[in-house]
Colleague: 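Dropping a structure here in structure tokens format, bear with me for questions.
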Amino acid sequence: MKLTVRVWRQKNARREGRFAEYEVQDASPDMSFLEMLDVLNERLIRQGEEPIHFDSDCREGICGMCSCVINGEAHGPESQVTTCQTYMRSFKDGDVITVEPFRAMAFPLIKDLVVDRSALDRIIQAGGFISVTTGSAPEANSIPVSKYHSDLAMDAAACIGCGACVAACKNASANLFVAAKVAHLNLLPQGGPEKDPRVLGMVEAMTSEGFGACSVTGSCEAVCPKGIPTSFISRMNHNFLTAALKLRVHGPRG
Amino acid sequence: MKLNANIPAGPLTQKWTTHKHEIRLVNPANKRKYDIIVVGTGLAGASAAATLGELGYNVKSFCVQDSARRAHSVAAQGGINAAKNYRNDGDNVYRLFYDTLKGGDFRAREANVYRLAEVSVNVIDQATAQGVPFAREYSGYLATRSFGGAQVSRTFYARGQTGQQLLLGAYQALMAQVSAGTVKVFPRSEMLELIVVNGHAKGIVVRDLIGGKISSVMADAVVLATGGYSNVFHLTTSGGASNVTALWRAHRQGALFANPCFTQIHPTCIPVSGDYQSKLTLMSESLRNDGRVWVPKNGGDKRPADQVPDNERDYYLERMYPAYGNLVPRDIASRAAKRVCDEGRGVGPGGRGVFLDFRDAIKRFGEDVVRERYGNLFEMYHEITNENAYKTPMRIYPAVHYAMGGLWVDYNLMSNLPGLFVVGEANFSDHGANRLGASALMQGLSDGYFILPYTIGNYLAQNQVKRPSTDVSEAKRAEQAVTERLNKLLSIPGKRTPADFHKHLGRILWDHCGMARTEAGLQQAKQEIAALREEFWRNVIVPGSHDDLNMALERAGRVADFLEMGELLCLDALERRESCGCHFRTEFQTPEGECLRNDAEYAYVAAWEFGGDGKPAVLHKEPLVYEEAHMAQRSYK
């Protein structure tokens with residue numbers, strides 16, 4: 001396959017960026033998208049130029065490190081796959097492919113296609129956990145969980161924290177990311193005691209990190225590589241409302 | 001050098017309990033006076049850092065990825081073993097201990113393995129309480145499945161994403177400690193040197209990967225949880241960032257490297273498709289519960305799988321190992337696959353593949369049940385190969401997957417350098433010459449949650465060397481050496497890229513130090529690696545600078561260390577003149593082609609000391625003394 005790749009190049013956060021065009025002559029349909037970039041980068045390095053910087057690690061769609069907006073879509077053209085699991089057979093010979101970083105105020109650009117998603121870590125720090133000191137856990141089977149709830153919690157827990165939902169949203173909202181974690185933990189009996197402070201804390205952290213409000217367009221679900229549905233956002237809103245009302249009635253007690 | 005494993009006295013079943021009574025404790029009020037560095041945020045690193053934080057220590061946690069949640073533990077699919085005996089099928093701590101020891105072909109340290117089996121049950125309790133959504137039965141109780149090398153069902157799982165869910169549990173515990181102020185996480189930071197002061201590990205030199213700043217961080221103890229070194233083979237199932245640099249830098253500072261030749265080749269990976277390939281993808285071993293492995297009986301049979309009648313299929317694992325069938329341990333399944341492909345009966349492009357067929361499982365349970373059990377794996381297979389495994393069998397081939405070897409540690413998980421602890425895949429650990437499926441997650445979390453947090457206190461309570469300041473000459477020298485090395489890499493006016501050298505190294509190792517190893521092949525590999533290393537330092541090209549994000553420079557530094565480590569791997573494989581577990585020397589095999597162990601001469605841990613640049617490594621031996629278990633011939637027939 002012959003392709004033209006238009007890539008966002010930006011040396012660092014202080015410099016201005018621009019699109020650069022590269023011709024790729026020898027792509028194979030069985031290559032992954034990132035392997036195509038690898039091959040291009042090998043050529044650039046041999047020419048003494050800096051390679052195109054992009055994040056990736058596991059290359060099997062689970063670590064959440066790869067990002068990229070390909071032809072306007074976060075994680076590229078195929079549904080429910082990450083950029084690293086996008087294969088060149090999804091493109092045609094002669095295509096012009098535009099590659100951009102995830103753009104959001106809360107994801108400052110570092111270099112080329114690499115952005116800083118540490119805001120997502122800080123949201124987790126605001127309540128995305130169950131406080132159980134190591135060693136204090138009860139016997140695992142002493143907490144039966146209905147298969148229905150357990151499976152639903154797993155559906156939510158499948159989030160890989162890539163931030164595609166943010167990149168796709170015109171408000172750069174992190175609602176789907178936050179809702180998935182809130183649902184995962186609040187659906188389980190183990191997560192019950194911290195249910196209210198969790199949802200309040202995480203939503204507050206999301207707002208203060210500069211993520212926007214829900215755009216109600218569903219673009220997040222459309223690009224989510226794990227197919228996490230927006231129904232979890234409804235669930236989070238319900239959790240949030242209940243928690244906020246309790247706060248009003250009983251005072252701030254967590 | 002006399003290696004002391006510090007194994008507690010007393011009966012095997014009591015060692016850990018007694019040891020916990022006997023080791024020194026740090027007073028709760030004093031814990032906050034101690035700084036501990038933890039490098040790596042996978043299962044072992046995140047669980048250790050979180051638990052140490054809970055205990056009240058000041059923890060600094062480092063990782064090369066952009067978030068602690070990305071470590072490659074995330075990719076483990078199948079499950080985690082624990083001796084819960086929830087199925088009432090005769091499981092118990094002793095059986096898990098013995099299966100693990102036997103699976104490792106009697107090359108692991110008995111006392112460590114017993115402790116691992118003992119602690120395994122606590123790991124499941126801990127993870128469940130954290131909200132890890134393990135699979136459940138309709139009753140609401142936890143489900144289990146079977147894995148290779150065991151005849152009981154003791155593997156807990158969360159669909160095909162067990163590693164991800166356990167890692168998120170540990171990561172969330174870590175984030176809770178960050179918000180409590182006990183742990184500080186430094187993402188996108190790479191450890192490039194270990195600082196040793198008066199013989200004790202007291203700090204690391206770190207490069208901030210974004211701004212390029214090089215600085216020393218000092219502590220009272222250093223914990224390495226940097227995973228395995230299998231990426232020395234280039235094409236593996238590891239993540240791109242997995243590397244040996246932290247371990248290799250510590251090794252060069254005096255830490256012993258144990259059993260480097262024990263590298264696991266996993267039987268069920270998607271075959272290589274082209275020269276551009278950057279990594280290989282594993283298909284979970286759990287698939288062997290319901291999938292049947294076969295090749296055509298006759299070589300050169302090019303018919304599509306569904307047109308090969310049953311009597312012309314060779315279900316070779318079921319034929320050769322009737323007792324365990326498709327669930328034989330990984331080393332055995334891998335070698336069997338290699339053998340049938342060497343006979344010319346392999347399938348797919350190049351004939352390097354065997355079928356993993358779900359036809360019978362789909363007939364028996366229906367497609368829906370198979371989808372519920374393995375749906376995400378079938379999807380992943382489809383994404384990569386564009387084939388539908390519900391209709392045609394998967395094609396699989398062995399690939400490098402895990403490193404049983406690693407830095408040598410004693411019973412307290414401390415290396416021979418006082419103050420340097422090594423946990424998870426990074427240590428030479430509990431898996432001997434072959435790790436059983438679903439045991440890596442068990443070991444990483446056991447080390448991090450339940451073992452290291454106790455044993456590190458024993459060192460700190462007797463801490464004779466106080467935490468030095470970053471002004472000490474050892475730190476300054478280490479920083480300078482790091483900077484000089486980076487400058488050197490950037491200044492070589494070469495032609496070949498770091499990735500190209502890496503690929504070349506991987507090919508040498510796969511050809512000569514892979515599934516079958518010979519004396520002549522290993523000698524040749526050693527020479528080729530030495531020549532490649534020499535070429536690297538005059539012919540590598542690394543653009544850019546070191547005061548900026550520079551992934552080519554990161555890769556070059558890691559490849560440089562792989563080029564040294566790879567030679568040690570071959571040396572270890574050469575010196576071990578026996579076959580055991582994954583280490584198969586063709587000169588030493590039974591008439592049936594199985595491993596021929598030599599317990600009289602090789603029942604030891606090979607712990608290598610760095611001999612200096614250009615000088616051979618020095619071998620130290622820790623004899624493996626089995627007080628309870630009997631070193632039997634491994635049989636899965």
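In what follows, every chain begins at residue 1, and chains take the letters A, B, ... in the order their sequences are listed. For the numbers below, each heavy atom of this structure counts, side chains included, while hydrogens, waters and symmetry mates do not.
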Colleague: Would you call A:Asp155 and B:Arg159 a salt bridge, using N to O less than 4.0 angstrom?
Modeller: yes
Colleague: Under 3.5 Å, is there a donor on one side chain and an acceptor on the other for A:Asp26 and B:Tyr276?
Modeller: no
Colleague: State the CE-CZ distance between B:Met551 and A:Phe54, to the nearest 0.5 angstrom.
Modeller: 8.0 Å
Colleague: Between B:Arg188 and A:Asp55, is there a side-chain N and carboxylate O pair less than 4.0 Å apart?
Modeller: yes
Colleague: Grab the two heavy atoms, one from B:Leu280 and one from A:Glu60, that are nearest each other, plus how far apart they are.
Modeller: O-OE2, 4.3 Å
Colleague: Name the region of B:Gln65, side chain, backbone, both or neither, that has any atom closer than 4.5 Å to a heavy atom of chain A.
Modeller: both
Colleague: Just by distance, with hydrogens left out, do B:Thr128 and A:Gln190 show a side-chain donor and acceptor under 3.5 Å apart?
Modeller: no
Colleague: Select one option (side chain, backbone, both, neither) describing which atoms of A:Glu49 are under 4.5 Å from chain B's heavy atoms.
Modeller: backbone
Colleague: Can you name the one residue among B:Arg70, B:Gln77, B:Met380, B:Gln164 that meets side chain to side chain contact (heavy atoms under 4.5 Å, CB included) with A:Ile62?
Modeller: B:Gln164
Colleague: Sort out for me which of B:Gly494, B:Gly140, B:Pro498 touches chain A most, counting heavy-atom pairs under 4.5 Å.
Modeller: B:Gly140
Colleague: Do the non-hydrogen side-chain atoms of A:Ile110 and B:Leu549 ever get within less than 4.5 Å of each other?
Modeller: yes
Colleague: Indicate yes or no: at least one non-hydrogen side-chain atom of A:Cys58 is less than 4.5 angstrom from one of B:His72.
Modeller: yes
Colleague: Using heavy-atom distances under 4.5 Å, tell me whether B:Asp66 contacts chain A through its side chain, its backbone, both, or neither.
Modeller: both
Colleague: Just give me the residue among B:Gln177, B:Lys495, B:Lys84, B:Glu379 that pairs up with chain A most often, heavy atom to heavy atom, under 4.5 Å.
Modeller: B:Lys84
Colleague: With a 4.5 Å heavy-atom cut-off, do A:Val145 and B:Tyr141 have their side chains touching?
Modeller: no
Colleague: At a heavy-atom separation under 4.5 Å, does A:Leu34 approach chain B through its side chain, its backbone, both, or neither?
Modeller: neither
Colleague: Could you look at A:Gln80 and say if it's the side chain, the backbone, both or neither that has a heavy atom under 4.5 Å from chain B?
Modeller: backbone
Colleague: With the side chain counted from C-beta on, respond yes when B:Pro543 and A:Pro51 share a heavy-atom pair under 4.5 Å apart, and no when they do not.
Modeller: yes
Colleague: Check whether more than 12 heavy atoms from other residues, nucleotides or ligands sit under 6.0 Å from atom CZ of B:Arg136, and answer yes or no.
Modeller: yes
Colleague: Given heavy-atom pairs under 4.5 angstrom as the criterion, report whether the side chain, backbone, both or neither of B:Gln165 touches chain A.
Modeller: side chain
Colleague: Between B:Asp500, B:Thr385, B:Asn376, B:Val121, which residue shows the highest count of heavy-atom pairs closer than 4.5 Å to chain A?
Modeller: B:Thr385
Colleague: Measure the CD-CG distance between A:Glu50 and B:Asn550 for me, rounded to the nearest 0.5 Å.
Modeller: 5.5 Å
Colleague: Under 4.5 Å from any heavy atom of chain B, what part of A:Lys181 do you find: side chain, backbone, both or neither?
Modeller: side chain
Colleague: Can you tell which part of A:Ser131 gets under 4.5 Å to a heavy atom of chain B, answering side chain, backbone, both or neither?
Modeller: neither
Colleague: Which bit of A:His184 comes within less than 4.5 Å of chain B, counting heavy atoms only: side chain, backbone, both or neither?
Modeller: side chain
Colleague: Nearest 0.5 angstrom please: A:Ile124 CD1 to B:Ser179 OG, how far?
Modeller: 11.5 Å
Colleague: Under 4.5 Å from any heavy atom of chain B, what part of A:Ala126 do you find: side chain, backbone, both or neither?
Modeller: neither
Colleague: Checking A:Val39 against chain B: side chain, backbone, both or neither under 4.5 Å from a heavy atom?
Modeller: side chain
Colleague: Check whether B:Ser273 gets within reach of chain A through its side chain, its backbone, both or neither, counting any heavy atom under 4.5 Å.
Modeller: side chain
Colleague: Relative to chain A, which segment of B:Leu168 carries a heavy atom at a distance below 4.5 Å: side chain, backbone, both, or neither?
Modeller: side chain
Colleague: Is it the backbone or the side chain of A:Arg122 that comes under 4.5 Å from a heavy atom of chain B, or both, or neither?
Modeller: neither
Colleague: Which bit of A:Asn141 comes within less than 4.5 Å of chain B, counting heavy atoms only: side chain, backbone, both or neither?
Modeller: both
Colleague: Got a salt bridge between B:Arg496 and A:Glu42, using NZ or NE/NH1/NH2 to carboxylate O under 4.0 Å?
Modeller: no
Colleague: Is the shortest side-chain heavy-atom distance between A:Ser150 and B:Phe134 below 4.5 Å?
Modeller: no
Colleague: Strictly by modelled atom types, are A:Arg59 and B:Ser278 linked by a side-chain donor-acceptor pair under 3.5 Å?
Modeller: yes
Colleague: With the side chain counted from C-beta on, respond yes when A:Met31 and B:Gln277 share a heavy-atom pair under 4.5 Å apart, and no when they do not.
Modeller: no
Colleague: Any chance you could lay out the side chain to side chain contact (heavy atoms under 4.5 Å, CB included) test for A:Tyr87 and B:Asn386, step after step, and finish with the verdict?
Modeller: CA-CA 9 Å; A:Tyr87 282 76; B:Asn386 208 20; over 6 Å; no
